[in-house]
**Student:** 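Sharing a structure below in structure tokens format, with a few things to ask.
Only heavy atoms go into these numbers, but all of them, side chains included; no hydrogens, no water, no symmetry mates.
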Amino acid sequence: MVHAAAMAQGKKRPAVHPPDGGWGWMIVAGCFLVTVCTRAVTRCISIFFVEFQMHFGADYSGTAWIHSLVDCTTMLCAPLGSFIGNRLSCRIVVILGGFLSSIGLVLSSFATSLEYLYLTLGVITGIGFALCYTPAIAMVGSYFCERKALAYGIAMSGSGIGTFILAPVVQLLIEHYSWRGALLILGGVVANLCVCGALLRPITLKEEEEAHGPVPLDTECGYGVKAPVVSMLEESLAINNNNSRRFQSMQEYCFLLMPDFLMLAVSFLFLASGCSLPFVYLVPYALDVGVSHHQAAFLMSILGVIDIMGNITFGWLVDRRCLKKYRNVCYMIAVGMEGLCLLFIPLLRTFALLVPFSVFYGYFDGAYVALIPVVTSDIVGTHNLSSALGIVYFLHAIPYLLSPPIGGWLVDTTGTYTATFFLSGFALISSSLVISTVTGIRHCRRTQKHRNKNKNTDPKQEPCRSDFYTASSKDVNPSVNTANS
């Protein structure tokens, strides 16, 4: 029994640190498939727009609400996925989300009106995607530390790769089986989220962190990070055993009191306000300046493929030893460069000039998407990552819902796309500036703390040495004088 207990303790002990491999790569594969079945399928819903318009005789704005509802519901309900995952397990909540989203798509194939699709495809499927998306991403952070950016780069590339593969497949399914048959088949494909959930084996890191408190990930990786400012609050609450559940809930969301996370949340609001507009208005802008339909669609294909390269290669670069401590700076540069690209797009009025834009914008878009969970984890720690990602993606919901109509209103008002792209570019640059402000404040605080520490330690060391040598000389001199006498 003692030997078995020792073995059990031995199994739990190494799990305190993320394994950075092993079953972690299966977690990455599962998260990759989750992003394919959630984000890629969400993008492919726009392919059904024409079919819905023709069948229900609806206008574009009414039909567009379907895609907006799926995207918005997925982000709005992201905290729900985190909450249930923390209470049960990531495996259970992803399986539940896969079942719910599959049911939503299957029911959508029997739609009789747009309002029916708003409920089944927009709400039910969106909630299912929300239950799957955040817990799966958080699990990758639990298994990886040293190669976290690369792992997230591979996992998040499922969105681009899935869109690249599913878009022509969905169009083929519509041609052969109508939109009802295509939605029914997509419901079967999305049911594989249940298999992805089965891959998400829980890691014993939770038990150690719950017993000893959340450990910031930066400390695990070998470089320090400031403890959350609510540590005294946690200690005072932990004394009262009758409020253990309340304490657990407050501990899950203690990061909301961290100034660094609040500034990061403001940055994400600017980011979400600007990142969706180019995907909506790039093709209309290209057509407006005289680019053919085929070439305009090819611009989106280029952007999607380069987005995948940005996910993986930028994640690999940031994991290098020389850049690991500067992941916030790398994220800031990626977002800032993406915004800078948008400021030049009114000058690009030919296909030959728009191709480099698609390349640069796609690469930096993939780069920052892969680093969102990494930057969040560096601030809140691994233990709070699931809850923090729920809040982060929740902050994306309203800008995702409102920014495309605002961009369209600017196009209608001004008669050009310049104001829309400028709005998007300045929003992304503002997001980068907020992150740079946070990074600068943290650097100043660490520098000031280091200087204060040196001031407090150096003066104490020199008097000790002088006292020591003075005392030694006093001890030696009497003996010498005694010997002489």
Side-chain angles (χ1 to χ4, degrees), residues 8-9 11-38 74 77-103 127-145 148 151-152 155 158 190-215 217 220 244-255 373 376-377 380-394:
Q9 291 179 358
K11 289 181 180 179
K12 291 181 181 179
R13 191 175 184 84
V16 174
H17 299 284
D20 271 306
W23 190 259
W25 294 116
M26 295 301 296
I27 301 296
V28 171
C31 186
F32 174 88
L33 293 176
V34 167
T35 56
V36 170
C37 293
T38 56
T74 301
C77 297
L80 177 64
S82 301
F83 181 81
I84 300 177
N86 292 336
R87 291 297 181 274
L88 302 176
S89 72
C90 292
R91 171 180 287 174
I92 293 175
V93 73
V94 172
I95 292 175
L96 177 63
F99 177 77
L100 192 62
S101 56
S102 178
I103 290 296
I127 293 175
F129 286 166
L131 296 180
C132 296
Y133 191 58
T134 307
I137 294 175
M139 280 294 290
V140 176
S142 299
Y143 272 84
F144 285 87
C145 176
K148 175 175 285 189
Y152 271 122
V190 168
N192 286 285
L193 285 169
C194 299
V195 180
C196 299
L199 293 174
L200 304 182
R201 185 170 67 191
I203 189 170
T204 53
L205 177 64
K206 277 187 176 181
E207 298 177 3
E208 293 291 331
E209 288 180 334
E210 289 174 358
H212 301 92
V215 180
L217 182 61
E220 296 172 3
S244 58
R245 290 187 178 179
R246 186 180 302 175
F247 166 70
Q248 183 181 2
S249 298
M250 293 191 68
Q251 190 179 26
E252 284 182 16
Y253 294 95
C254 64
F255 59 86
T376 306
S377 176
V380 305
T382 306
H383 180 65
N384 295 318
L385 180 58
S386 179
S387 301
L389 284 177
I391 299 299
V392 165
Y393 292 124
F394 173 82

**Student:** What are the two closest non-hydrogen atoms of Pro135 and Ala130, and how far apart are they?
**Tutor:**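 Looking at all heavy atoms of both residues, the closest pair is CD-O, 4.1 Å.
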
**Student:** What residues, two or more places apart in sequence or in another chain, satisfy side-chain contact (heavy atoms from CB on, under 4.5 Å) together with Val190?
**Tutor:**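 Counting only residues at least two positions away or on another chain, Val190 forms a side-chain contact (heavy atoms from CB on, under 4.5 Å) with Val41, Ser101, Leu105, Phe129, Leu193.
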
**Student:** Might you point out which heavy atoms bring Gly197 and Arg91 nearest each other, and give the distance in Å?
**Tutor:** O-CG, 3.2 Å

**Student:** Would you call Ile27 and Leu199 a side-chain contact if the rule is heavy atoms closer than 4.5 Å?
**Tutor:**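 Ile27 does not reach Leu199 side chain to side chain.
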
**Student:** Which residues satisfy the ring pair (Phe, Tyr, Trp, His ring centres under 6.0 Å) test with Tyr152, sequence neighbours excluded?
**Tutor:** none

**Student:** Could I get the full list of side-chain contact (heavy atoms from CB on, under 4.5 Å) partners for Val28, not counting sequence neighbours?
**Tutor:**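 Checked Val28 against side-chain contact (heavy atoms from CB on, under 4.5 Å); matches are Trp25, Val140, Phe144, Ala151, Ile154, Ala155.
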
**Student:** With a 4.5 Å heavy-atom cut-off, do Arg201 and Tyr143 have their side chains touching?
**Tutor:**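 Yes, their side chains come closer than 4.5 Å.
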
**Student:** Mark yes when over 12 heavy atoms from residues, nucleotides or ligands other than Phe32 sit less than 6.0 Å from its CZ; otherwise mark no.
**Tutor:** yes

**Student:** Mind checking whether Pro373 and Leu389 have side chains closer than 4.5 Å, heavy atoms only?
**Tutor:**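 With C-beta onward as the side chain, the pair touches.
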
**Student:** Do you know which two heavy atoms are closest between Leu385 and Ala138, and how far apart they sit?
**Tutor:**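 In terms of heavy atoms, the two residues are closest at CD2-O, 4.0 Å.
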
**Student:** Could you pull out all residues at least two apart from Ile92 that satisfy side-chain contact (heavy atoms from CB on, under 4.5 Å)?
**Tutor:** Leu88, Ser89

**Student:** Taking Thr134 as the fixed residue, which of Pro79, Ser387, Ser82 is the one that meets the side chain to side chain contact (heavy atoms under 4.5 Å, CB included) rule?
**Tutor:**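 The residue from Pro79, Ser387, Ser82 that satisfies side chain to side chain contact (heavy atoms under 4.5 Å, CB included) with Thr134 turns out to be Ser82.
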
**Student:** For Gly97 and Cys132, which heavy atoms make the closest approach, and how far apart are they?
**Tutor:**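 Scanning both residues, the minimum pair turns out to be C-SG, 3.4 Å.
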
**Student:** Please give me the minimum heavy-atom distance between Ala136 and Leu200, naming the atom from each residue.
**Tutor:**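 Residues Ala136 and Leu200, closest heavy atoms: CA-CD1, 4.1 Å.
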
**Student:** OG1 of Thr74 to CG of Leu131: how many Å apart, nearest 0.5 Å?
**Tutor:** 9.5 Å

**Student:** The criterion is ring pair (Phe, Tyr, Trp, His ring centres under 6.0 Å); which residues satisfy it with Trp23, sequence neighbours excluded?
**Tutor:** none

**Student:** Closest approach of Cys77 and Ile127, non-hydrogen atoms and distance?
**Tutor:** SG-CG1, 3.9 Å

